[in-house]
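All remarks here apply to the structure that follows.
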Amino acid sequence: MGRVLWLPPSGRNDRFLGSDVSYADLAGRDLERYYEVTLEPSTGTSQVLTLRLVPKPRAPTPWGAVVMVLERDTLLPRKILYYDQRGAVAKEVRLEDAVDLGDGRYLVTKTTVTDRTRTGYRTVFTVSDWKVGPVPEACFTPEALERGCRL
């Protein structure tokens, strides 16, 4: 976008540029920090693992629970359901396409986020032009973010 957006801590759950994604979704570290994780029982033939995440006491999160469905073989998340405090699904994230980078890592190239509280609201992210490699620290300054960073 060619500009830096300053985000106050109070705005982490706000919508990212009017989409169905929050800034906290993009950061992705809140799940590790604020939730207790349990593995849901599954049949031995199931191709997926299901994790239930429940907020730790006093965790600053709007979600009452999060359920993640992962591929058993790759541990790649395929679906994430965010439940409100009343137990209803408020948001669904589907990680639909991924590229195997060959070293145990994957790059998700298509993600669909559906706001389950508003009919017809969804955001689709598609990554079509990408390069994997080290990014210099100098690329993470406000100036470099505004003008772009050459790798």
Side-chain angles (χ1 to χ4, degrees), residues 1-9 11-40 42-56 59-63 65-83 89-118 120-151:
M1 291 184 48
R3 63 186 172 118
V4 175
L5 299 173
W6 294 99
L7 179 64
R12 292 184 47 77
N13 292 313
D14 292 347
R15 296 179 184 281
F16 174 71
L17 301 175
S19 71
D20 299 301
V21 178
S22 72
Y23 291 95
D25 293 336
L26 295 173
R29 303 305 292 209
D30 289 352
L31 295 178
E32 291 176 23
R33 187 176 313 143
Y34 298 130
Y35 291 86
E36 296 289 339
V37 181
T38 57
L39 178 63
E40 295 282 304
S42 64
T43 64
T45 60
S46 177
Q47 298 299 311
V48 298
L49 298 172
T50 302
L51 303 178
R52 176 169 289 281
L53 293 81
V54 178
K56 294 177 181 176
T61 176
W63 308 119
V66 178
V67 172
M68 298 180 74
V69 177
L70 297 87
E71 290 180 358
R72 182 179 292 277
D73 294 340
T74 63
L75 299 180
L76 184 66
R78 286 303 184 173
K79 180 168 69 170
I80 306 170
L81 298 171
Y82 293 86
Y83 290 81
V89 177
K91 181 170 33 176
E92 178 179 346
V93 178
R94 289 191 174 271
L95 298 101
E96 300 175 58
D97 296 325
V99 175
D100 185 346
L101 300 176
D103 58 357
R105 296 182 303 156
Y106 294 83
L107 174 68
V108 175
T109 56
K110 182 178 180 187
T111 303
T112 301
V113 181
T114 304
D115 183 338
R116 300 277 294 271
T117 65
R118 301 183 302 165
Y121 283 79
R122 70 182 180 132
T123 301
V124 178
F125 288 100
T126 303
V127 178
S128 59
D129 186 19
W130 51 272
K131 178 170 55 169
V132 176
V135 179
E137 283 294 318
C139 290
F140 296 99
T141 65
E143 296 79 20
L145 291 171
E146 288 176 350
R147 71 173 188 278
C149 186
R150 306 239 185 245
L151 300 178

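Model, not experiment: these values are computed from the prediction.
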Please report the interatomic distance CG(L51) to CG(L75), rounded to the nearest 0.5 Å.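 Reported value, rounded in 0.5 Å steps: 9.0 Å.
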Grab the two heavy atoms, one from A59 and one from P55, that are nearest each other, plus how far apart they are.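 It is CB-CB, 4.3 Å.
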Which atom pair, heavy atoms only, marks the closest approach of A138 to A144?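 It is O-CB, 3.3 Å.
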Taking the side chain as every heavy atom from C-beta outward, state whether [X] and [Y] have any pair of such atoms under 4.5 Å apart.
| X | Y | result |
| --- | --- | --- |
| R116 | L81 | yes |
| L53 | E36 | no |
| F125 | V108 | no |
| T74 | Y106 | yes |
| T109 | W130 | yes |
| V66 | Y35 | yes |

After noting the C-alpha distance and the side-chain angles of T123 and T112, does the key distance pass the side chain to side chain contact (heavy atoms under 4.5 Å, CB included) rule? CA-CA 6 Å; T123 301; T112 301; over 6 Å; no
Hey, are E92 and K79 close enough for a salt bridge, meaning a charged N less than 4.0 Å from a carboxylate O?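 So E92 does not pair with K79 through a salt bridge.
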Evaluate V67 against Y83 for side chain to side chain contact (heavy atoms under 4.5 Å, CB included), listing each step before the verdict. CA-CA 8 Å; V67 172; Y83 290 81; 3.6 Å; yes
Intermediate values then yes/no, side chain to side chain contact (heavy atoms under 4.5 Å, CB included), V124 and K110: CA-CA 7 Å; V124 178; K110 182 178 180 187; 3.9 Å; yes
Donor-acceptor check, side chain of R78 to backbone of V69, threshold 3.5 angstrom: yes or no?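 No.
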Tell me whether T61 contacts the main-chain N or O of W63 through its side chain, where contact means a donor paired with an acceptor under 3.5 Å.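 Checked: pair present.
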Which residues satisfy the salt bridge (charged side-chain N to carboxylate O under 4.0 Å, His left out) test with D103, sequence neighbours excluded?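 So D103 forms a salt bridge (charged side-chain N to carboxylate O under 4.0 Å, His left out) with R105.
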Results of salt bridge (charged side-chain N to carboxylate O under 4.0 Å, His left out) for R52 - residues two or more places apart only: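 With sequence neighbours excluded, R52 shows a salt bridge (charged side-chain N to carboxylate O under 4.0 Å, His left out) to E40, given in chain and number order.
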For a quick check under 3.5 Å, do T111 and E96 share a side-chain donor-acceptor pair by atom type?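 Judged by distance alone, the side chains do not pair up.
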Just by distance, no angles: are the side chains of R72 and S42 close enough, under 3.5 Å, to form a donor-acceptor pair?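 S42 and R72 do have a side-chain donor-acceptor pair below 3.5 Å.
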A cation-pi test, strictly: NZ or CZ of K56 under 6.0 Å from the centre of the six-membered ring of Y34 and no more than 45 degrees from its axis. Yes or no?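 No.
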In sequence, state the C-alpha distance, the side-chain angles, and the governing distance for I80 and L95, and then conclude on side chain to side chain contact (heavy atoms under 4.5 Å, CB included). CA-CA 8 Å; I80 306 170; L95 298 101; 4.2 Å; yes
